[in-house]
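Lettering of chains follows the sequences in order, A, B, ..., and the numbering in each one begins at 1.
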2 protein chains.
Amino acid sequence: MAKPVPTITTIAEAAGVSIASVSRVFNGQPVRDSTRRRVLAEAERLGYVPNAVARSLKSNRTDQVAFAVEDIGNPVYLAMLREIQPVLRADGFRLVVHSTGGDPGEEIEVLRGLGRRHADGLVISPIRVTPDLLGALAQAAAPVVVIGSVPPGTPVDNVRADSRTGVRLALRHLLDIGRRRIGFVNGPLDTVPGERRDAAFRDGMAEAGRPVDEGLVHVGGFRRETGAEGARRLLAHPHGPPDALLCANDLIALGALDTLRAAGLRVPDDVAVVGMDDTELAAVSWPTLTSVCLGSAERGRRAAGLLLDRLRGAPPAAPAAGSARTVTVAPRLVVRASTTGGDQ
Amino acid sequence: MAKPVPTITTIAEAAGVSIASVSRVFNGQPVRDSTRRRVLAEAERLGYVPNAVARSLKSNRTDQVAFAVEDIGNPVYLAMLREIQPVLRADGFRLVVHSTGGDPGEEIEVLRGLGRRHADGLVISPIRVTPDLLGALAQAAAPVVVIGSVPPGTPVDNVRADSRTGVRLALRHLLDIGRRRIGFVNGPLDTVPGERRDAAFRDGMAEAGRPVDEGLVHVGGFRRETGAEGARRLLAHPHGPPDALLCANDLIALGALDTLRAAGLRVPDDVAVVGMDDTELAAVSWPTLTSVCLGSAERGRRAAGLLLDRLRGAPPAAPAAGSARTVTVAPRLVVRASTTGGDQ
DNA sequence: TTGTAAGCGTTATCAT
DNA sequence: ATGATAACGCTTACAA
């Protein structure tokens, strides 16, 4: 009843040859033409398909790469995924995705998975970099590329954004258009991006010779509600609302827009708004959102490239001491209506 | 130099026991306590991790499930993915994603992958259902769940949306708010959703006793540009612009909003707009977009559930003749500002 | 060109 | 409770 799955042996017997010959046929190795034909005919007839698991056991390769991020639904990670997938696919790798919820424990589990031979390599974008995670990274059983920042000396290839420059671009733009009371709505300070953007904001303000008014700084999550809430709080500032809002990502900015609209304030006339990440949401919102592109797509592409280098290279695929590569992707300010009005 | 990867044999020797005992320890089978301790100690010391590939070869399971869609970046598929992933994960399955570009050839390749034992099961959402694809579905070497519609009798579990009812809900809503000249901007008619929505539009209009004016029907891609372009064309209708636009998905609707805005028409006062799929974009756009929720998230969840049933069941996991299950997810109209103005 | 046979790292069936 | 040993399906010397 249950159709037995044909193996190389089944075919060998049916075609009256050895299993070695069958294997050769399927690996494009030299075989007599008549043999090849017979084997292929039987394979076709019996519906034979080579078993990739058995092949993996011999070759010690899975032809899979894992991609681990906090939440694959986040547009930033999605942008990376969209770039990574085709690049790896072109080299014959399938993609296994992990949504870790940002839990270092789960991320470490994924790293362990490399030892179990779940995948030949990993692209990971940890949102919280703990010592345990760094340890696991250093011990990874297969090539790993981190999208994000790791402490200097960490023996892992990594592709990072330049939040500092990005924030500076945004601040300069806001100052250029005459804004002076700039509010800042950020995500959690115990995350890498949150901490980075906070520092960058403060440095940037200092550079511009502007003091930071803590009453104009709000910290929450990287979520829309945080933007709405943060904007509400900053609008209630005793000296009146700020004339610009720098938001640590686009979702926060959208939330801020909601609040501003509800408060009857005009964007950008009364308050200019800048987001970060330049996700597809920025182009859709109304007014369209000026945003700092931190190059998610490019970071994804570069990460895939770095990983492929290691994967293609000879076995010593882990970065030899000091050979870890760091790529930094330059940010770019995408100016839209939320700061300049003008175009729709 | 190259740290040799320890195997069960390495540990057995180090601990002075047989490989069988090591295996038992790692599978929670009865072993003397002292033995267990010794094995675990050596495993820890040598950094032993069980090889999942070897395990798969024996067990004939990969603990992986594949998810194949046209473009994983499409919010609709993404919504499915977000639901599917945790459900499968809870049962210990990893997720392999495939973006097929809607090419039936690639989809068939993924189906073949099941025979190669790349995955234990598959959730697939084909956008074009060709005879070849149906053939491959019927022959799949492992359980498959289709998200979408398949011809009656196809021996595959499937979870479908109800476009017909969805379109009807939208039409009724537009008629309810007094619209009479309803335009329709659709995606390609050679895709399942495109064809379905076209038929539903015509039926719905007929039901409502309204003739279909072909000058108010536009067909393009499921893209924003199609919406912009379609709206432009319909606005130029000799009898003047329509007073409502039904768009076959949210992207199209956003494109239409662009055009309407550029033309100085008010939404919804001059033209009401309805999208479909109720993606996150609908809530972000301005005005926020009334949209027909076709239950992407729920379809994903249900599909994962159906697949798990088969995966957990005894080997005869393919639907026995006639036992294929079909689940239909009810649509729901989500009313927002693009038809009623009012709220924000 | 082809076949034999030895693994790849597990699990599982026997004995013991 | 433990140990040999035979699979699992394939690739790959080594022989013939």
Pull out every protein N or O sitting under 3.5 Å from an N or O of nucleotides 1-4 of chain C, one pair per line with the distance.
{"from": "C:dT1", "atom 1": "O3'", "to": "A:Arg32", "atom 2": "N", "distance (Å)": "3.4"}
{"from": "C:dT2", "atom 1": "OP1", "to": "A:Thr35", "atom 2": "OG1", "distance (Å)": "2.3"}
{"from": "C:dT2", "atom 1": "OP2", "to": "A:Arg32", "atom 2": "N", "distance (Å)": "2.6"}
{"from": "C:dT2", "atom 1": "OP2", "to": "A:Thr35", "atom 2": "OG1", "distance (Å)": "3.3"}
{"from": "C:dG3", "atom 1": "OP2", "to": "A:Ser18", "atom 2": "N", "distance (Å)": "2.9"}
{"from": "C:dG3", "atom 1": "OP2", "to": "A:Ser18", "atom 2": "OG", "distance (Å)": "3.0"}
{"from": "C:dG3", "atom 1": "OP2", "to": "A:Ser21", "atom 2": "OG", "distance (Å)": "2.8"}
{"from": "C:dG3", "atom 1": "N7", "to": "A:Arg24", "atom 2": "NH1", "distance (Å)": "3.3"}
{"from": "C:dG3", "atom 1": "N7", "to": "A:Arg24", "atom 2": "NH2", "distance (Å)": "3.3"}
{"from": "C:dG3", "atom 1": "O6", "to": "A:Arg24", "atom 2": "NH2", "distance (Å)": "2.4"}

Step-by-step side-chain contact (heavy atoms from CB on, under 4.5 Å) determination, B:Val22 to B:Glu42: CA-CA 10 Å; B:Val22 178; B:Glu42 289 305 314; over 6 Å; no

Sugar-phosphate only, base, or nothing, as touched by A:Phe26 at under 4.0 Å among non-hydrogen atoms: nothing

Sugar-phosphate, base or nothing in reach of B:Val22, heavy atoms under 4.0 Å: nothing

Minimum side-chain heavy-atom gap A:Thr35-A:Arg38 below 4.5 Å: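 Yes - at least one pair of side-chain heavy atoms lies under 4.5 Å apart.
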
Return the value, rounded to whole Å, for the distance between atom [atom1] of [X] and atom [atom2] of [N].
{"X": "A:Asn51", "N": "C:dC8", "atom1": "CG", "atom2": "P", "value": "18 Å"}
{"X": "A:Ile8", "N": "D:dC10", "atom1": "CD1", "atom2": "P", "value": "5 Å"}
{"X": "A:Arg117", "N": "C:dT10", "atom1": "CZ", "atom2": "P", "value": "11 Å"}
{"X": "A:His118", "N": "C:dT10", "atom1": "NE2", "atom2": "P", "value": "12 Å"}
{"X": "B:Ile11", "N": "C:dG9", "atom1": "CD1", "atom2": "P", "value": "12 Å"}
{"X": "B:Asn27", "N": "D:dA1", "atom1": "CG", "atom2": "P", "value": "16 Å"}

Flag if over 12 foreign heavy atoms under 6.0 Å of CZ, A:Arg128: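 Yes, CZ of A:Arg128 has more than 12 neighbouring heavy atoms, counting only those of other groups under 6.0 Å.
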
Bend angle of the helix from C:dT1-D:dA16 to C:dT16-D:dA1, end axes from five pairs each (to 10°): 40°

Sidechain-backbone polar pair: A:Arg94 side chain, B:Val96 backbone, donor-acceptor under 3.5 Å: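 Flag not set: sc A:Arg94 to bb B:Val96 has no pair under 3.5 Å.
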
Main-chain N/O of B:Thr9 paired with B:Thr7 side-chain donor or acceptor, under 3.5 Å: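 Yes; at least one donor-acceptor contact below 3.5 Å.
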
Set of residues satisfying side chain to side chain donor-acceptor pair (under 3.5 Å) with respect to B:Ser21, sequence neighbours excluded: none

Test applied, side chain to side chain contact (heavy atoms under 4.5 Å, CB included); reference residue, B:Ile124; option that passes from B:Leu111, B:Val145, B:Asn158: B:Leu111

Side-chain donor/acceptor pairs under 3.5 Å, residues 68-81 of chain A, sequence neighbours excluded:
{"from": "A:Asp71", "atom 1": "OD1", "to": "A:Gly73", "atom 2": "N", "distance (Å)": "2.8"}
{"from": "A:Asp71", "atom 1": "OD2", "to": "B:Arg82", "atom 2": "NH2", "distance (Å)": "2.9"}
{"from": "A:Asn74", "atom 1": "OD1", "to": "A:Val76", "atom 2": "N", "distance (Å)": "2.8"}

Test: B:Asp63 and B:Arg55 ion pair at under 4.0 Å: no

Interface residues of residues 55-62 of chain B with DNA chain D (non-hydrogen, below 4.0 angstrom):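 Contacts with DNA chain D under 4.0 Å: B:Leu57, B:Lys58.
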
Test log, rule side-chain contact (heavy atoms from CB on, under 4.5 Å), inputs A:Leu311 and A:Val65: CA-CA 10 Å; A:Leu311 255 20; A:Val65 163; 3.8 Å; yes

Summary of ring-ring contact (aromatic ring centres under 6.0 Å, His included) pairs that have at least one residue in residues 96-149 of chain A, sequence neighbours excluded: none

